[in-house]
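Let me begin by presenting the structure, written as structure tokens, before commenting on it.
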Amino acid sequence: MFSRDLRSDPKKLVCCGAALTLGFAAVLWIAAVTPRARLNVMQAVSVVFLTTVAWRFRGSRGQIVSPESNDSSEWGLLAVATVLGTLVWATMLNFYFVGDDFGILALAQAPLFSQVKSMFLHGDGGVFYRPLTFTSYFLDHTVWGAIPAGYHLTNLVLHLVTIAGLFAFCRQMGISRQSAAITAGIFALMPIHVEAVAWMSGRFDVLSTAIILWAVTCYVWSRRKGTIGSYSLVLLLTALSIFSKETGFVLPVLFAAIEMLVFRARPGWKIAGYFALAGVMFAYRFSALGGLGGYKPGGISNALDISTKTFEGLLIRSPSQMLTGFNWTQPGISVLIVASLLASLLLLAAICAEPGFSRWAIIKLALFWSVITVIPAHFLSVIGAGLSNSRILYLPSVGIAMMLGQVLGALKGPAVRRTASVLLFALFSLGVLHNLAAWRWTSQLLERTLDVVTQTEPLPAPQTQFVFSNLPDTVRGVFFFTTLNASLQMAYSRQDITAVRDSDIAIPPNTLNAGPQIRLLWKGDESELLVRRDSP
């Protein structure tokens, strides 16, 4: 009754939205004054939204049928989102390198063919087997060298390819052009994507997601086509996705889920071929890495670390961060208004949507997608207020975008759908700009820190070791000097220089380095970033 009154009376809808917005703003401003508290508020909003959507759409059962009627605005919506997204994401092109970027650049300095061969045969030193993505870095290096803009441009192009893949996948699934355009537009502008898209080292997730989306698109197409060529194309894309990142192993599971949840069919014998390919590639990967690979604290792979935190990350934290995804460690007052408007819009859309005959099937697939694709990186899924490690949510957020596309597409009346979609695009774009500000600040701070080091010690003696004190791991949620050694070698263009954190040293200081040492204390303020320390 309440939802029917809101749908039929625009004045009540506006008043309810205004009241919700003011209420959320008051909570975020007055009660939730810490980044963690604000994250918890938005997490609660996300849980209520997801529960409402599941409750209201659960009765909409049925197989995908012919596409619903289209509206002349669908291409306009997709154009608005794509142009807006390109303009917003283009602001990252002048960011400097951060975090793991320096380690990747160090690998790229070796001869191209030998490095590519080594990556395909042996992986990355027993940690990762992602040869296709590493090859893309090596090719970038041959073109751009140490110019950051070139690497960021590649990431932006891959993001656009992913958006196109999501639109094509929705259309192959029988979703109307308008709902497909809304879905692709939402994905183009989701704030949670900043770490994956704006960080050069986040390309593993962007490239693998682009291939995975085109793989599922071709799978739905091939199930109708039924030819050996179409089947072989899906096999090829599955292999390429696994070569990009280990999340590609979920593709056969997604194929089966599409059959059972959307088309309500039993997976045919052809599915076995995809599982067999994944099995063979997993066996080779295991052999190349000498085990499961990945991060190994204490010598045990994090993939085996399953606890209650795992389920919190999979079922609560990750979905809520995909829905909102604001970096609460980045200063700013306007983000409180944006978050409040977003929370109101999401809840009102869930209440006012009119579930259709085939939407529940898509929403079930979307919810399954958003959980199952997090599992390969479940040990990183408890994403905090600063959004560190949120790159792992790039692929899972496809599911959230699909669900939002169905909810907005179920709003009554084309004008209401257009208005709600454009408003969501605008709020998401503001969220992206807010999150990008943290990356701009941190990348500039890192570049300035390297400049201060080289100015403080312009000509270090041969075999000099820099020992840093108080150097943070992250700044505003952005990884700082995670490959410290490679960053100093790049700054000086010398391979004989080494660098360590004193907090990471588990051996006596007098055995650190037989050569000269330079000790620096990182202060991190505007007036004085680094000071020289003469003794430990």
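- A side-chain donor-acceptor contact under 3.5 Å links R391 and N389.
- The cationic group of R130 lies under 6.0 Å from the six-membered ring centre of F204 and within 45° of the ring axis, placing it in a cation-pi geometry.
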If you apply the rule side chain to side chain contact (heavy atoms under 4.5 Å, CB included), what do you find for L341 with L345, and how did you get there? CA-CA 6 Å; L341 287 168; L345 178 62; over 6 Å; no

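- Here the side chains of F481 and L450 are in contact, with some heavy-atom distance below 4.5 Å.
- The backbone N or O of Q330 lies less than 3.5 Å from no partner atom in the side chain of R476, so there is not a single donor-acceptor pair.
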List the steps, then state whether side chain to side chain contact (heavy atoms under 4.5 Å, CB included) holds for E195 with F479. CA-CA 10 Å; E195 185 175 83; F479 291 109; 3.7 Å; yes

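- Remark: the backbone N or O of P191 is paired with a side-chain donor or acceptor of N435 at under 3.5 angstrom.
- The line from OG of S318 to CG of L323 is 11.5 Å long, rounded to the nearest 0.5 Å.
- The residues D473 and R501 are annotated as salt-bridged, a charged nitrogen and a carboxylate oxygen being separated by less than 4.0 angstrom.
- In terms of modelled atom types and a separation under 3.5 Å, the side chain of S469 and the main chain of L521 share no donor-acceptor contact.
- Interatomic distance, CG of L446 versus CZ of F102, reported as 4.5 Å (0.5 Å rounding).
- A distance-only check finds no donor-acceptor pair linking the side chain of T209 to the backbone of V206 [under 3.5 Å].
- A distance of 7.0 Å separates CD1 of I383 from CD of Q321, quoted to the nearest 0.5 Å.
- Between W89 and H159, the ring planes are perpendicular. Angles over 60° get that label, and only those under 30° would be called parallel.
- Counted within 6.0 Å of CZ on R36, heavy atoms from surrounding residues, nucleotides or ligands total 12 or fewer; the atom is thus considered open.
- Using a 4.5 Å cut-off on side-chain heavy atoms (C-beta onward), L342 and L424 make contact.
- For T442 (side chain) and W439 (main-chain N/O), no donor-acceptor pair under 3.5 Å exists by modelled atom type.
- Side chain of T154 to main chain of G150: a donor-acceptor pair is present (N/O by atom type, distance under 3.5 Å, no hydrogens or angles).
- Applying the side chain to side chain donor-acceptor pair (under 3.5 Å) rule to pairs touching residues 198-207 yields D101-W199, D101-S201, S136-R203, D140-R203, N155-R203, D205-K245, sequence neighbours excluded.
- No side-chain donor-acceptor contact under 3.5 Å links T82 to the backbone of A79.
- In this structure, the side chain of Q406 does not engage the main chain of I363 through any donor-acceptor pair within 3.5 Å.
- Side-chain atoms of V216 and L237, non-hydrogen and from C-beta on, never get closer than 4.5 Å to each other.
- Ring geometry for F286 against F282 counts as tilted: the plane angle lies between 30° and 60°, on a 0 to 90° scale.
- In this structure, I104 and T483 have side chains that are not in contact, with every pair of non-hydrogen atoms separated by 4.5 Å or more.
- Distance check, rounded to the nearest 0.5 Å: CG of L404 to CE of M322 gives 11.0 Å.
- With hydrogens and angles ignored, the 3.5 Å screen pairs no side-chain donor or acceptor of Q172 with any backbone N or O of T217.
- In terms of modelled atom types and a separation under 3.5 Å, the side chain of Y394 and the main chain of S208 share no donor-acceptor contact.
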